[in-house]
Trainee: 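Pasting in a structure now, in structure tokens, and then I'll have a few things to ask.
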Protein chains: 2
Amino acid sequence: MTRKPKANLEDIARETGVSKMTVSRVLRGGSGFSDDTRTRVLQVAERLGYIPNRLAAAFGADQASTLVGICVPRLTSGLFAHVLDGVDRALTRLGYQVMIGCNNHSAEDEEAWLRQLISWRPAGVILSGRHHSPGTVDLLRNAGMPVVEIWELTTTPIDMAVGFSHFDCGAEMGQFLIRRGRRRIGVVGAMAGQDEMGRARRDGVERALAQAGHPVAAAELLLDTPGFYAGYYGLETLLSRAPGLDAVYFHNDEMAIGGLAYAQARGLRVPEDLAIAGWGGMEAASVLPLRLTTTVVPTTAIGKLAAEGLVARLRGEPVQDVVAVPTRLVPGQTV
Amino acid sequence: MTRKPKANLEDIARETGVSKMTVSRVLRGGSGFSDDTRTRVLQVAERLGYIPNRLAAAFGADQASTLVGICVPRLTSGLFAHVLDGVDRALTRLGYQVMIGCNNHSAEDEEAWLRQLISWRPAGVILSGRHHSPGTVDLLRNAGMPVVEIWELTTTPIDMAVGFSHFDCGAEMGQFLIRRGRRRIGVVGAMAGQDEMGRARRDGVERALAQAGHPVAAAELLLDTPGFYAGYYGLETLLSRAPGLDAVYFHNDEMAIGGLAYAQARGLRVPEDLAIAGWGGMEAASVLPLRLTTTVVPTTAIGKLAAEGLVARLRGEPVQDVVAVPTRLVPGQTV
DNA sequence: TGCCGCAAGTTTACCGGTAACGTAGCCAAA
DNA sequence: TTTGGCTACGTTACCGGTAAACTTGCGGCA
């Protein structure tokens, strides 16, 4: 089955009549060879269909890996998909390869994945969130490679960080709801609170509302993943327990849209009877008949900045350790 | 910076007082050592914080790679996100690592990515679609590793295939629209037709409508990526060119929901004045006030089956070369 | 004329595993 | 007593690159 590629440096060297070291230098674009040699080597390499063996290169030389790992909490989230896209485009352009992982919002899964990743001796790694297991931090310190923590901001990164404050997102929306005259405000969470960052947003809302003198009226913390269904049934459950709410803050836009669907199915007028606020800024939110009030997050930019920061560090260029990206509260028509 | 992990097999061997070959055998769970030796080796490995070097293993032994590549047309599509999730879960469970790629619906980009992937000597690869460049096919034949083509079905796979017929999806929806009495049917496409599979669906619709004696009344092929905005403005454009349509088939659900938003904004009654059909089965489609008529695709299952088939082949187990997964037309309330 | 420096190479050693093969010691069957 | 097989190892060679050190030939310059 796995017959190996036909040509290696040795083969090219033999055909060209030089040493394999010279071939290596030519193919990597170094110096110490004549134009004539270069041309001949390239021709032979082309003719033999040479494909470099990065395994050997990274193994032999250390320092030479072009592999970067990225671990996100969920692969099926539209937001992380865009982060991944930003990372992938930037790294591909810069000549790196991307190994993915998914930790299901679990620090243990993250550590397990990281252990696998490190066994490939990558050039760097991008993690999501700022909460990691002690084992994870240990592994990273020993590996001595660049690390970027994305999504949530931290002032004490393991190495570098690109993100924003989820707490502030929540607080800002809480204040907004108050300014719009809402007083009986509920929240719908997801994933049993395992999503630390979703929890930070809820904490932000709670703090803002409490400070305004109108603390959270009711909260429903679902076990489900934060999707449309969960939003739909989450709002149903919340309203059955606490009728008379005049606003609800959802874990994210998908849930908010699900909630919006429920409200409309129930004949509630949005925003007159009930205001609905989401988070994340998914595209669908802005083409609904009722544009969703939400906080837009620069997903792709985060991925891009993280990737570029990582590579800059690898190249020894100066980098900013902590990059705060701006989020933007977009008042729609649902509040 | 990149200081290497402290312990390797040699270190463990020295500390334990055996040869590194014995350590290797113990750690890989082979045979040829006593229980006592096993215990001591494991203890030392644990104490030294040994992390295997898969680079060296895969390089030295060939055949020993646990790296699998997967290339999808777009990372930001919700459908492919689920495919990726299915692949990732299955492969992680089976002890493999996943390298991702994105080809932007371009065969050249796919080939470029594959070339990078192969330089890592992976155990196998999963590609999307059945149209590949000659170079891609060449690379794969020479690499001699398992290949799974997913998403679109083919009777002549390079190696294995897991998918369904996009043409049939389109044809089925076309017939459905006709059965529901629609006669002036339009279609909205995306990505300038570069998405071969979206084109196959349109071809299916066209064929079905033509056979029924009511050929496609109007078609709008956008340049954009298939998102909500594109659906919104796509329908606007289509209706301005061809007023009086009584049904529109969209490239996918996201566009259909965008189209639905436009129809409602324009005061069109759906489905009375205009029927709207999507494709893909995104979750949002079923919680809208008006449940979208669409074709549900088993995304996660495709990823899972592809990953499992790949690993089965690697293990020399018997596998089915071509697996057809079922899609399901779900009549919603928009037709 | 002799020395230096540079361009254009070559040679050697090594990265950390694994396959293949070798071997010592022991026990059981012939 | 010999032989044969088994267990539990050890030895050797090698995978395909790259860093570092070494060599060779040539032109310029004192």
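Within every chain, numbering begins at 1; the chains are lettered A, B, ... in the order of the sequence lines, protein sequences first and strands thereafter.
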Trainee: I need the single residue from B/R130, B/H131, B/H132 that forms a side chain to side chain donor-acceptor pair (under 3.5 Å) with B/E149. Which is it?
Mentor: B/H132

Trainee: Check whether any side-chain N or O of A/S19 sits under 4.0 Å from OP1 or OP2 of C/dT11, and answer yes or no.
Mentor: no

Trainee: C/dG17, OP1 or OP2 - any side-chain N/O from B/S24 closer than 4.0 Å?
Mentor: no

Trainee: Using atom CZ of A/F33 as one end and atom C1' of C/dC6 as the other, report the distance to the nearest whole Å.
Mentor: 16 Å

Trainee: Side-chain N or O of B/Y50 versus OP1/OP2 of C/dG16: is the shortest distance under 4.0 Å?
Mentor: no

Trainee: Hey, does B/A61 reach any base, or is it just sugar-phosphate, or nothing, if we go heavy atoms under 4.0 Å?
Mentor: sugar-phosphate

Trainee: Grab the NZ-C1' distance between A/K20 and C/dC14 for me, whole Å please.
Mentor: 11 Å

Trainee: So, is A/S31 close to the C/dA8 phosphate, meaning a side-chain N or O under 4.0 Å from OP1 or OP2?
Mentor: no

Trainee: Rounded to whole Å, please give me the gap between CG in A/L9 and C1' in C/dT11.
Mentor: 16 Å

Trainee: Indicate, yes or no, whether a donor-acceptor pair under 3.5 Å links the base of C/dG9 to the side chain of A/R25.
Mentor: yes

Trainee: Quickly work out the B/M21 CE to C/dA19 C1' distance and round it to whole Å.
Mentor: 7 Å

Trainee: Starting at CG of A/D36 and ending at C1' of C/dA8, how long is that distance when rounded to a whole Å?
Mentor: 12 Å

Trainee: Between the side chain of A/N104 and the main-chain N/O of A/S106, is any donor-acceptor distance below 3.5 Å?
Mentor: no

Trainee: Under a 4.0 Å threshold between the charged nitrogen and the carboxylate oxygen, would A/D138 count as salt-bridged to A/R141?
Mentor: no

Trainee: Would you please classify the geometry between the B/W151 ring and the B/F164 ring as parallel, tilted or perpendicular, with 30° and 60° separating the classes?
Mentor: perpendicular

Trainee: What's the CD1-C1' distance between B/I12 and C/dG17, to the nearest Å?
Mentor: 12 Å

Trainee: Just to confirm, is there a sub-4.0 Å distance from OP1 or OP2 of C/dA19 to any side-chain nitrogen or oxygen of B/R28?
Mentor: yes

Trainee: Whole-Å distance between C/dA7 C1' and A/R38 CZ?
Mentor: 16 Å

Trainee: Using a cut-off of less than 4.0 Å, is there contact between a side-chain N or O of A/N53 and OP1 or OP2 of D/dG17?
Mentor: no

Trainee: Under a 4.0 Å threshold between the charged nitrogen and the carboxylate oxygen, would A/R115 count as salt-bridged to A/E111?
Mentor: yes

Trainee: In whole angstrom, give the distance that lies between atom CD of B/E10 and atom P of D/dT12.
Mentor: 13 Å

Trainee: Please tell me which of B/A56 and B/G32 maps to the more 5' nucleotide of DNA chain D, matching each residue to the nucleotide holding its nearest heavy atom.
Mentor: B/G32

Trainee: Base, sugar-phosphate, or nothing for A/F59, non-hydrogen atoms under 4.0 angstrom?
Mentor: base

Trainee: May I ask you to say what B/T22 touches in the nucleic acid, namely base, sugar-phosphate or nothing, with a heavy-atom cut-off under 4.0 Å?
Mentor: sugar-phosphate

Trainee: Under 4.0 Å between a side-chain N or O of A/T37 and OP1 or OP2 of C/dG9?
Mentor: yes

